[in-house]
Amino acid sequence: MNVGSLPDFSRESSRKLDAWLWRHGFHNAQVRYVTRAQIMGAVIFLATGVALALFSTWIFWFGVGFALHGANFFFLARQILGMNLSAYRNAMLVVLLSSSGLRLALTALMLYVALVACSAPAGAIAGGLIAAVLTALGSYALAHFRGGE
């Protein structure tokens, strides 16, 4: 594999992931762009972490933190994009609040398992969470300035 084929692989992966996100209700181009960046970042860090696990597990746990933020964003975005916001009802707020609470509880449980049961380094998980937030903000800015990509 020559170095010139790497961008083609990345573009093809992006197209396939975009198509998958579109089929799953991510019709807003900017949200789809941010979600794609979150998924690809999580996959890259987790795969790298698994590949280097014999040397250090820090990158893997960094990827776990990244993936936690990415999963929370994915499910929140999918839920909001699936709602008819022009026909707002009080029941929608109850659904959003309860599902957000459930996501938060699941995230707390996963963090507890990672930190306590698996003795994951807290700095790695926190770093992954922070990197995911920065990636989301940066990819949103890119999507916005590119006109939705």
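Qualifying side-chain contact (heavy atoms from CB on, under 4.5 Å) partners for Tyr140, counting only residues two or more places apart in sequence or in other chains: Gln30, Val34, His144. Shown here are the side-chain contact (heavy atoms from CB on, under 4.5 Å) partners of Leu102, two or more places apart in sequence or in another chain: Leu106. Remark: Arg78 engages Phe26, Phe74, Phe75 in a side-chain contact (heavy atoms from CB on, under 4.5 Å) (not counting sequence neighbours).
Atoms OG and CG, from Ser13 and Asp18 in turn, are 11.0 Å apart once rounded to the nearest 0.5 Å.
Checking Ser100 against Arg103 by side-chain atom types alone, a donor-acceptor pair falls below 3.5 Å.
Counting all heavy atoms, side chain and backbone alike, Trp22 lies closest to Arg32 at CE3-NH1, 3.2 Å. Ala77 and Val31 make their closest contact through CB-CG1, 3.7 Å (heavy atoms, listed as atom of the first residue, atom of the second, distance).
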Side-chain donor-acceptor contacts of residues 47-58 below 3.5 Å, not counting sequence neighbours, with atom names and distances?
| residue | atom | partner | partner atom | Å |
| --- | --- | --- | --- | --- |
| Thr48 | OG1 | Ile44 | O | 2.7 |
| Ser56 | OG | Trp58 | N | 3.2 |

Counting only pairs under 3.5 Å, give me each side-chain donor-acceptor contact of residues 62-70, with atom names and distances, residues two or more places apart or in other chains.
| residue | atom | partner | partner atom | Å |
| --- | --- | --- | --- | --- |
| His69 | ND1 | Gln38 | OE1 | 2.8 |

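Listed by first and then second residue, the side-chain hydrogen bond (donor to acceptor under 3.5 Å, both in side chains) pairs involving residues 109-137 amount to none (not counting sequence neighbours).
Grouping Ile, Leu, Val, Met, Phe, Trp and Tyr by side-chain contacts under 4.5 Å, direct or through others, puts Val133 with Leu137.
Grouping the Ile, Leu, Val, Met, Phe, Trp and Tyr side chains by contacts below 4.5 angstrom, directly or via other members, places Leu46 with Met110.
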